[in-house]
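As structure tokens, the structure follows; a few thoughts come after it.
Index from 1, following the sequence.
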Amino acid sequence: MREAITIAVVCLAACGGGSVNVDPDSGHESDAGAPDAASRDAGKADGGVVIGEDGGTITAGTGVLEIAIDQDRGSVDLKDLVNGVKIERLHLGVEVPAGPRSRVFTTVGKKFPCTEGGFGSAVTFSCSAETGSGFKASVTMTLDPAKPDVLGWESSFENVSTSPVTVRKFHPFRAAESAGSSVFVGDDPAKVRVLQNGSDGVVDFYVFVNTGDKPLSDPEQNALLSPYSSYSSGSAVAYDLASGASFLAGFTDFEWAIPLVAMAGNTASMTEMWGEARFPWDVEIPPGKTISGGAAVFVAGTKTPFDALERYAGEVAARKQIALPPAPLSGWDSWYTGIGDDLTEEYVRQNADALSEKFLRFGLASMQLDSGWNDTWGDWNAGGGFPSGMRAAADYVKSRGLTPEIWMAPLSAAEDSQAWLDHEDWFLPKDVYGDLLMSKDMHPFDLSNPGVIDYVRTLGAKIGEWGFESVKMDFAYYTLLSVLPPDPDKTNVALYRNAIREYRAAVGQGVHFINIAMCFPNYGLVDAFRTGLDTWPCWDGGADCPDHGGSGISAPGIKPGVRMAARRYWMNGRIWWNHNDQLFFRDISEEEARAWASVASLSGGMISLGEDASGLTSRQADIYRRILPLSGATARPLDLFARETPEIWHMAQTDPNEGHVLALFNWGANKDLTTNPYTDRPDGPPVTHSIDLASLGMDPDAEFIGIEFWTGQVIPSVKGTFVQEIAPHTSRVYRFVKKTDKPAYLSTDRHLLMGPGFIKGASYNAATRKYTGTVRTTTEHTQTMYVAVPPGFSDIFSQIDGVKDPSSGGPADGVYFLTFTGQDNDWHTFEVTFNQR
């Protein structure tokens, strides 16, 4: 079932004017001054935002969110007026080295004068305070009644002293217990769940869901080396299982670091919410220099955490002015087929022929030449398996109607490459994580070197010259795991983002661009992004996948792929098209393959075939065909915060009519995230799902009819609650429509989404008793369309133009069917005349 999600953030009362504030983190003491003389009449409305002032405190609200800016105490209170979320004494800070430890200087207790501005209906407040560290911290807050659940927060830090200041971190926002802040979530933090987005900037391949009662972890702790870190990469959303409110804090823009968001607490309350940007080394900031603290948003007052996540992704897209291709690519990838590095042009041709014959008419888009086409890693020339060259390979793929795609890792090189042998000065030493994740003979480029950037452009230009129309970049994150001389203008992330831009420009803007790993640094730079590790043909990964390696949280397999598709579903179609990696048939059962194909389709992102296409059986090919073409439409994993591997996915549809796709799974072994600590569910027994239809937005008083996609099982009637038992390692995907007094489109067995992209304009004319619309056919493929029919209706005539051998029948269990074989890939008119008693 969908679960309501809540965050109530409660705050301590602010100290009175004139008192002394001490932040124990910083040891800094300052006197709070008297209130400003200027005041505003409470309740004045500017552009839809209600603004008031009482002494030195400015209040402003949208009706959903309200802020109170304490200009005397250097902090901001935030309230969610819908769900009761509160944060008190939100502030900014600067962290400087102090011997082996560090010291934090904040805006708390400082004069924090603000000026009001705005644009359109939005109102802004720009406030700043000298922190006592030599830096003035500034923030511009934006409230817009057009987005009443979003508070914009854009910060900067200026060295206003006359001397350089050595800095370790900046805190663009901070609600710390040590500064008198407090963040309460519901009545019991043990019931709070915090969804991260990777952790510590490095652990990107696993997304944790933490409990709200875990204390703030050591900032130097990294989940590569320990099982827990508070620090999420870029954003985090928390929700309370008990009350149903959610709260999200996330950065929408940051150029020089991977910003981190921490939400943590203890058994009494959630007491910490940190946003911070770390330098990998202590860096000296000269006087007069300003460092950006990036742009962030706080999202609260939404009905569910899904709304918050999707709102945040939309804010990133707007900030980055992201314009995506109209749909994700489906494809094939040589690496996973078993050929590995032994790829040859003959193998490519063989599979191009098979892919074209078996899948092209169903909507297959691309074919990727993965590792093995090349000579040495770092030089990127055609290898021995491609004597005709890469242009010939791309041309052949195109001749078979597919988009040619190529894999390349252009930001690193191996020691046997000419790039390394000729230019050892082009490379950087690895940091501790680089040593851990890179092989000994692999080295990251120094992206601050102009010669390296010229070389990266040259590698990108090869793609366009060879005629490839899609490129998948890999292992680019190696450059983020290298050691650079301390320079605030030349950080790993800033240089990385510049190199990606330069490479993509050289490839050509018309070329579809995919990247892998380290999500946040790629925001706004790519068309598609692989959100997790390699997926291999095994169910659980780890010990279940002995032929493909992996262990622990990095284990490849179907279920880890599902987990990542669910926990990053909200990115898809907003920030980029998620790449869900590979679909398999070998080494797993047919039901398991259907389950993974169902998630791949419902989550809406890219998927590729990881099999030798020439060896597929007709039943295996049919599974892939029935999720093609990929639409990009994205379902919500409703039990995202309840199960480690979500088992309830929902998609509301308005086209071709109002309907609801509900997918139910049994992944076998799973974890129950509603307990604290989490508890294991064993593999083996069936799982019974009980779904409150009202939680899906369905009329609780109406009667619905449904059909299951894979089996064709009709659900003649359901009202209020849908209960279904699902066998282990199995999926069932249903489409429900409301029962009415006239025929209504129910489903097609052509595509798993059962409607969008295949049926349009379907309607019933009571005067003529005709049900008409248009249907998309597939050449030489037989499909069946299902129509929900009220009692007393029977068909007397059916026809579809441009198809062979149409047949019809029913109604049985309230469902009429029309079966036909397409002669082309086009839209055709259907018409069913009913007899009504």
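- Counting heavy atoms from C-beta outward, P560 and L533 have side chains that stay 4.5 Å or more apart.
- Evaluated for a side chain to side chain contact (heavy atoms under 4.5 Å, CB included) with R504, the options D527, V511, V471 yield exactly one hit, D527.
- Judged by a 6.0 Å distance limit and a 45° cone about the ring axis, R391 is not positioned over the six-membered ring of W466.
- Defined by atom type and a distance below 3.5 Å, a donor-acceptor pair is present between the side-chain atoms of D534 and Y336.
- Ring to ring, F475 and W377 are close: their centroids are under 6.0 angstrom apart.
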Could you please spell out the steps behind the salt bridge (Lys or Arg N to Asp or Glu O under 4.0 Å) verdict for R278 and D200?
CA-CA 10 Å; R278 306 171 181 172; D200 298 276; 3.8 Å; yes

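- T252 and E315 form no side-chain donor-acceptor contact under 3.5 Å, judged by distance and modelled atom types alone.
- Ring-centre distance between W274 and F173: not below the 6.0 Å cut-off.
- Within the 4.5 Å cutoff, the side chain of V316 has heavy atoms near those of the K320 side chain.
- Side-chain atoms of Q418 and D379 include no donor-acceptor pair closer than 3.5 Å.
- Using a 3.5 Å distance cut-off with no hydrogens or angles, the side chains of T491 and Y496 do not pair a donor with an acceptor.
- Taking 4.0 Å as the cut-off between side-chain N and carboxylate O, R501 and E255 count as a salt-bridged pair.
- Between F105 and F135, the ring center distance fails the sub-6.0 Å criterion.
- Side-chain contact between I406 and K472 is absent, with no heavy-atom pair separated by less than 4.5 Å.
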L216/S230 under side-chain contact (heavy atoms from CB on, under 4.5 Å): CA gap, chis, key distance, verdict
CA-CA 6 Å; L216 190 72; S230 303; 3.9 Å; yes

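- Between K398 and E469, at least one side-chain N (NZ, or NE/NH1/NH2) sits under 4.0 Å from a carboxylate O, which counts as a salt bridge.
- K136 and N159 share no side-chain donor-acceptor pair at under 3.5 Å.
- With a 4.5 Å cut-off on side-chain heavy atoms, H512 and P325 count as touching.
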Step by step, would you call H443 with E415 a side-chain hydrogen bond (donor to acceptor under 3.5 Å, both in side chains)?
CA-CA 8 Å; H443 300 278; E415 290 181 359; 2.7 Å; yes

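- Using a 4.5 Å heavy-atom threshold, the side chains of M473 and P410 count as touching.
- Aromatic ring centres of F157 and F170: separated by under 6.0 Å.
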Can you list the steps and then say if N578 with R568 is a side-chain hydrogen bond (donor to acceptor under 3.5 Å, both in side chains)?
CA-CA 8 Å; N578 286 358; R568 284 179 167 154; over 6 Å; no

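- Here the side chains of N572 and W577 are in contact, with some heavy-atom distance below 4.5 Å.
- Counting only N and O atoms by type, the side chains of S470 and E405 include a donor and acceptor under 3.5 Å apart.
- With respect to R168 and E95, no salt bridge is recorded, no charged nitrogen being found less than 4.0 Å from a carboxylate O.
- For W335 and W373, the ring centers sit 6.0 Å or farther from each other.
- A distance of 6.0 Å or more separates the ring centres of Y478 and Y433.
- Checking D581, I607, L583 one by one against T535, the side chain to side chain contact (heavy atoms under 4.5 Å, CB included) holds for a single residue, D581.
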